[in-house]
K.L.:
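Can you keep this structure in mind? I'll have questions shortly.
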Amino acid sequence: MDIKFRRLKGTRDLMLEEIERWHWCEERWNEVLSRYGYGEIRTPVIEPAGLFLRSVGDGTDIVDKEMYSFESRGGEQLCLRPEMTASVVRAYLENGLTRQPGTVKFYYMAPMFRHDRPQAGRYRQFHQVGVEAIGSASPVLDAEVIQTAMALFDAVDARGLTVLVNSIGCPECKPGYVADLREFLEANMERIPPAFQERIAVNPLRLFDAKDDEVQNLLTEFKPITEALCPACRTHHAVVLGCLGDLGILFREEPGLVRGLDYYGRTTFEITAETGRKQSSLAGGGRYDGLIGQCGGPDTPAVGFSAGIERTLLHLADEVIDPQRSRQTQVDVYVACLDEPSQRFGLAACDLLRGFCRVEIDTTLRSMKAQAKTANLRRARILLTVGETERETGTLQLKNLDTGEQIPVERQRLLAAVREVLEG
RNA sequence: GUGGCUGUAGCUCAGUUGGCAGAGCCCCUGGUUGUGGUCCAGGUGGUCGUGGGUUCGAAUCCCAUCAGCCACCCCA
């Protein structure tokens with residue numbers, strides 16, 4: 001077949017058995033997140049491009065080469081959101097929540113867009129489940145956010161995960177460390193592959209992300225950031241780690257974990273899967289105390305994370321979906337009709353049943369055999385048949401597909417008869 | 001943006017040294033005047049990803065291009 005239109009690169013169609021898995025996860029996550037005190041937020045998929053240029057930061061890959069940006073008819077610079085934190089902060093300010101008492105806690109399960117080259121567990125339109133907790137500077141909240149992330153994975157039976165934690169300091173101590181690091185790197189420029197060199201000027205911390213062995217070796221010669229923290233950050237970090245211990249969450253301190261977004265400060269963390277797959281990072285997050293002020297709001301501390309839904313599902317997917325199998329939507333009752341007047345009669349009968357169960361009417365005018373076969377494929381438990389005789393006598397043939405028994409049923413008794421079979 | 005692998009029926013895939021494009025599953029019809037899950041018989045369905053080239057002749061060889069997957073970069 002010469003199909004005229006195809007999916008855009010890096011996008012997917014979710015349906016059939018796969019969408020069932022999504023529903024299964026979403027139900028559990030809604031439940032877990034409400035138990036941690038989060039309420040759902042849904043924000044527009046399109047935003048002013050400037051929102052992310054400012055928050056995520058130019059100089060990051062997300063902004064420099066992965067944003068879906070375009071100009072609106074009115075000449076505004078817009079984009080499809082590459083991440084959710086900035087949008088939640090925008091919504092928080094725009095809807096006047098700054099004077100809310102306590103901590104404002106939002107969660108989301110929503111599509112994001114990044115113009116990356118797709119690969120396993122990475123798509124251009126992908127989905128994240130995540131939270132933002134706004135209004136508390138407490139390290140205890142950092143720990144709870146990490147715990148929330150783990151609870152999400154636990155709720156869908158994701159196992160074999162590792163929590164990596166780090167602190168990257170605050171405006172007091174981070175700039176000094178970054179300056180020292182830049183000086184050190186510039187003094188050792190010849191040991192750094194060209195691909196990474198330009199990063200030094202923009203954000204030397206991002207050298208820690210490099211998987212290159214030479215770069216990593218070089219960095220072991222420099223002091224880890226945790227040793228350069230100011231006293232306040234040091235205490236904060238210690239409390240976070242202490243809480244994780246109290247909660248029985250196993251973690252690994254990872255001084256090289258700096259994250260790719262500019263707005264993070266103090267706590268950063270990542271949750272990775274120990275699989276053979278390279279896309280092992282399932283979730284990432286951290287504290288962003290400066291972002292709300294930077295967006296024009298009052299100085300407000302906040303912390304959050306987001307997890308990749310496709311990646312999480314990929315990690316769970318040990319059972320491979322057989323493309324030949326289960327392409328059918330299930331129903332309880334299937335209505336076979338032998339001619340067009342019978343279809344009209346059958347349609348009215350469906351109406352009587354839909355308040356109670358799942359019903360599908362066959363309008364294809366195929367052979368009786370073919371219609372019955374489809375009823376079976378739909379896993380229907382009842383087959384109703386309407387032909388000329390039934391139509392004239394105001395009845396339907398009701399066949400119990402488990403037992404094979406078939407009896408004529410008057411229209412008025414149909415609902416009762418169907419109930420009896422399905423409930424019995 | 002860079003590299004590797006793969007593109008043949010709706011799906012999963014065979015296709016020999018270049019010689020009539022195949023199988024299984026699915027689907028449709030019949031065996032059973034209007035009855036499924038099992039059988040049996042028959043049938044529909046293909047610009048061999050696309051465009052060029054070599055050749056008497058290309059799914060097969062060459063070039064280009066597109067798409068998918070995987071990896072790098074980076075990230076969820």
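These figures come from a predicted structure and were not determined experimentally.
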K.L.:
Are Asp157(A) and Arg159(A) within salt-bridge range, i.e. N to O under 4.0 Å?
P.N.:
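Looking at Asp157(A) and Arg159(A), the cut-off is met.
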K.L.:
Ignoring hydrogens and angles, write down the donor-acceptor pairs under 3.5 Å from the side chains of residues 345-365 of chain A, residues two or more places apart or on other chains.
P.N.:
residue	atom	partner	partner atom	Å
Arg354(A)	NE	Val359(A)	O	3.3
Arg354(A)	NH2	Val359(A)	O	3.0
Arg358(A)	NE	Asp332(A)	OD2	3.2
Arg358(A)	NH2	Asp332(A)	OD1	3.1
Glu360(A)	OE1	Arg378(A)	NE	2.7
Glu360(A)	OE2	Arg378(A)	NH2	3.2
Asp362(A)	OD1	Thr364(A)	N	2.9
Asp362(A)	OD1	Thr364(A)	OG1	2.6
Asp362(A)	OD2	Tyr334(A)	OH	2.7
Asp362(A)	OD2	Arg366(A)	NH1	2.8
Thr364(A)	OG1	Arg366(A)	N	3.4
Thr364(A)	OG1	Arg366(A)	NH1	3.3

K.L.:
Please determine whether a side-chain nitrogen or oxygen atom of Ser367(A) lies at a distance below 4.0 Å from atom OP1 or OP2 of U29(B).
P.N.:
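It does, given that an N or O in the side chain of Ser367(A) lies less than 4.0 Å from OP1 or OP2 of U29(B).
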K.L.:
Should Gln371(A) be listed as having a side-chain N or O under 4.0 Å from OP1 or OP2 of G36(B)?
P.N.:
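Result: no.
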K.L.:
Using a heavy-atom cut-off of 4.0 Å across all strands, would you classify Glu390(A) as base, sugar-phosphate, or nothing?
P.N.:
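Base: the residue Glu390(A), judged by heavy atoms under 4.0 Å, touches a nucleobase.
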K.L.:
Roughly how many Å apart are U29(B) and C70(B), using the P atom of each and rounding to a whole number?
P.N.:
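Per the computed distance, 39 Å lies between those P atoms.
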K.L.:
Ignoring hydrogens and angles, does a donor from either the side chain of Arg117(A) or the base of U2(B) sit under 3.5 Å from an acceptor on the other?
P.N.:
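Looking at the base of U2(B), it does pair with a donor or acceptor on the side chain of Arg117(A) (distance under 3.5 Å).
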K.L.:
Quote, to the nearest angstrom, the C1' distance that separates C66(B) from G30(B).
P.N.:
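Result for the C1' pair: 44 Å, nearest Å.
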K.L.:
Which ones in residues 334-350 of chain A lie close to RNA chain B, meaning a heavy atom under 4.0 Å from one of its atoms?
P.N.:
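Within this stretch, Leu338(A) sit under 4.0 Å of the strand.
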K.L.:
Find the partner of A64(B): check Watson-Crick (N1-N3 plus N6-O4 or O6-N4) and G-U wobble (N1-O2, O6-N3) distances, both under 3.5 Å, and reply none if neither fits.
P.N.:
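A64(B) is paired, partner U50(B).
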K.L.:
Think Lys9(A) has a side-chain N or O under 4.0 angstrom from the OP1 or OP2 of G68(B)?
P.N.:
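Yes, Lys9(A) has a side-chain N/O under 4.0 Å of OP1/OP2 on G68(B).
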K.L.:
Quick check on the 6.0 Å ring-centre criterion: do Tyr264(A) and Phe269(A) meet it?
P.N.:
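No, ring centres 6.0 Å or more apart.
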K.L.:
Rounded to whole Å, please give me the gap between CG in Leu16(A) and C1' in G10(B).
P.N.:
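Leu16(A) atom CG is separated from G10(B) atom C1' by 14 Å.
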K.L.:
Quick one: is Gln119(A) getting a side-chain N or O under 4.0 Å of the A71(B) phosphate, OP1 or OP2?
P.N.:
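Yes, within the criterion.
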K.L.:
Between the base of C75(B) and the side chain of Arg311(A), is there any donor-acceptor pair under 3.5 Å?
P.N.:
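Result: at least one qualifying N/O pair found.
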K.L.:
So, does Glu71(A) use its side chain to make a donor-acceptor pair with the main chain of Leu78(A) at under 3.5 Å?
P.N.:
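No, because the side chain of Glu71(A) does not come within donor-acceptor range (under 3.5 Å) of the backbone of Leu78(A).
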K.L.:
Treating primed atoms plus P, OP1 and OP2 as sugar-phosphate and everything else as base, which nucleotides of nucleotides 39-45 of chain B get B, S or - for protein heavy atoms under 4.0 Å?
P.N.:
-------
